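All of these numbers come straight from a predicted model, not from anything done at the bench. To find a chain, count down the sequence lines: A is the first, B the second, and so on, and within it residues start at 1.
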There are 2 protein chains.
Amino acid sequence: MGLHEFYKVEYLDEILFLDAFGKNLKRLRKERGLTQEQLAIDLDMEISQVSRIERGIINTSIGNVNAIAKVLKIEHKELFNFSD
Amino acid sequence: MGLHEFYKVEYLDEILFLDAFGKNLKRLRKERGLTQEQLAIDLDMEISQVSRIERGIINTSIGNVNAIAKVLKIEHKELFNFSD
DNA sequence: AATCTAATAGGCATATTTGCCTATATTTAT
DNA sequence: ATAAATATAGGCAAATATGCCTATTAGATT
């Protein structure tokens with residue numbers, strides 16, 4: 001079905017953003033040949049959280065953005081570098 | 001006194017990051033002649049939250065990063081563009 | 001097909017953020 | 001110096017993220 005079935009219209013922009021952010025993270029992770037489990041270990045985070053972030057169902061923190069950038073050895077901006 | 005007086009060493013990197021992020025946001029906001037109150041209104045957020053974010057005492061969400069970038073009419077990466 | 005690996009899903013308790021509120025402090029303008 | 005505007009501070013309840021756990025599904029390999 002893709003994305004969420006129900007949502008408040010006011011938050012649609014955020015939902016789309018979280019979805020795009022997650023897809024981008026998944027792409028960057030796979031490009032480096034990492035599994036969700038390995039990324040979770042490196043981040044000292046639960047694998048279920050990594051999964052939730054990549055699926056765009058949670059609104060994670062900028063602290064995690066910082067940690068992810070460090071682990072993936074990329075700049076913060078790369079995590080936000082997606083057309084939509 | 002600057003920053004926090006007590007913290008767990010493991011989280012020092014995150015504390016420094018949140019502090020830098022907040023200072024950068026404050027700079028970007030002032031450059032555009034906005035008060036915390038006006039920014040809060042535009043973001044549909046509490047002024048106390050804007051204050052907490054700028055002071056680096058909370059770890060806000062990527063959804064707010066997205067909203068802030070939109071309101072300030074800047075790219076996401078600008079919010080992370082600080083030396084340290 | 002069977003097995004192994006990776007990812008998704010969700011429940012529940014805890015931690016953290018956020019909204020709402022009031023009060024105080026700091027800065028700016030008169 | 002006084003007043004007005006702006007920012008900081010913190011308490012409390014509600015909302016949300018996270019950790020920990022188990023189970024299920026999807027994908028890859030043999």
Side-chain angles (χ1 to χ4, degrees), chain A residues 1-8 10-68 71-72 79, chain B residues 1-8 10-68 71-72 79:
Chain A
M1 56 182 150
L3 286 182
H4 303 60
E5 290 203 65
F6 305 102
Y7 45 79
K8 294 189 181 176
E10 314 129 63
Y11 304 138
L12 179 56
D13 185 74
E14 180 170 287
I15 289 172
L16 294 176
F17 170 74
L18 295 182
D19 189 72
F21 180 90
K23 284 186 167 64
N24 190 44
L25 169 58
K26 186 168 197 162
R27 179 183 63 80
L28 290 165
R29 171 179 61 79
K30 286 193 167 179
E31 276 177 11
R32 283 154 187 76
L34 290 175
T35 63
Q36 287 186 342
E37 189 176 26
Q38 189 56 55
L39 179 59
I41 291 170
D42 293 346
L43 292 172
D44 192 26
M45 178 192 290
E46 282 293 315
I47 182 176
S48 60
Q49 273 303 97
V50 173
S51 175
R52 288 187 270 227
I53 294 169
E54 289 190 352
R55 282 177 288 140
I57 66 178
I58 58 170
N59 191 4
T60 195
S61 66
I62 59 175
N64 282 335
V65 166
N66 186 45
I68 292 168
V71 166
L72 296 186
L79 287 165
Chain B
M1 56 182 149
L3 287 182
H4 302 61
E5 290 203 65
F6 306 103
Y7 45 80
K8 294 189 182 177
E10 314 130 63
Y11 305 137
L12 180 55
D13 186 75
E14 179 169 288
I15 290 172
L16 294 175
F17 170 74
L18 296 181
D19 189 72
F21 180 90
K23 283 186 168 64
N24 190 45
L25 170 57
K26 186 168 196 162
R27 178 182 64 79
L28 291 165
R29 172 179 61 79
K30 287 193 165 180
E31 277 178 11
R32 283 155 186 77
L34 290 177
T35 64
Q36 287 185 343
E37 188 176 27
Q38 189 56 55
L39 179 58
I41 291 170
D42 292 346
L43 292 171
D44 192 26
M45 177 191 292
E46 281 293 314
I47 182 177
S48 59
Q49 273 304 98
V50 173
S51 174
R52 289 187 271 226
I53 294 169
E54 290 190 352
R55 282 177 288 140
I57 67 179
I58 58 170
N59 193 2
T60 194
S61 66
I62 58 175
N64 280 336
V65 166
N66 186 45
I68 292 168
V71 166
L72 297 185
L79 287 165

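Tested against A:Glu54, the residues A:Lys23, A:Lys26, A:Arg29 include a single side-chain hydrogen bond (donor to acceptor under 3.5 Å, both in side chains) partner, A:Arg29.
Side-chain contact between B:Asp19 and B:Ile15: absent, with no pair of heavy atoms (C-beta onward) separated by less than 4.5 Å. At a threshold of 4.5 Å between non-hydrogen side-chain atoms, the residues A:Leu72 and A:Leu39 count as touching. Residues B:Asn64 and B:Leu43 form no side-chain contact, since every pair of their non-hydrogen atoms from C-beta on lies 4.5 Å or further apart.
Taking both residues in full, the closest heavy atoms of B:Val65 and B:Phe21 are given as CG2-CZ, 4.0 Å, listed atom of the first, atom of the second, then distance. The minimum heavy-atom distance linking A:Ser61 with B:Ile62 is given by the pair O-CG2, 4.1 Å.
Taking atom CD1 of B:Ile58 as the reference point, atom C1' of C:dG19 lies 11 Å away to the nearest angstrom. A straight line from OH of B:Tyr11 to C1' of C:dA15 spans 11 Å, rounded to a whole angstrom. What separates CD of B:Glu46 from C1' of D:dA9 is a distance of 14 Å, to the nearest Å. Rounded to whole Å, the distance from CG on A:Asn59 to C1' on D:dA15 is 12 Å. Rounded to a whole Å, the CD atom of A:Gln49 is 14 Å from the C1' atom of C:dA13. As a whole-Å value, the separation of A:Leu43 CG from D:dC20 C1' is 17 Å. Regarding B:Glu14, its CD atom lies at a distance of 13 Å from the C1' atom of C:dA15, rounded to whole Å. For the pair B:Ile41 CD1 and C:dC20 P, the interatomic distance rounds to 13 Å; values are reported in whole Å.
Contact annotation: A:Asn64 side-chain N/O to D:dT18 OP1/OP2 distance is under 4.0 Å.
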Review point. When you check every protein heavy atom under 4.0 Å of nucleotides 3-10 of chain C, what one-letter string (B, S, -) results, 5' to 3'?
Key: ---SSBSB

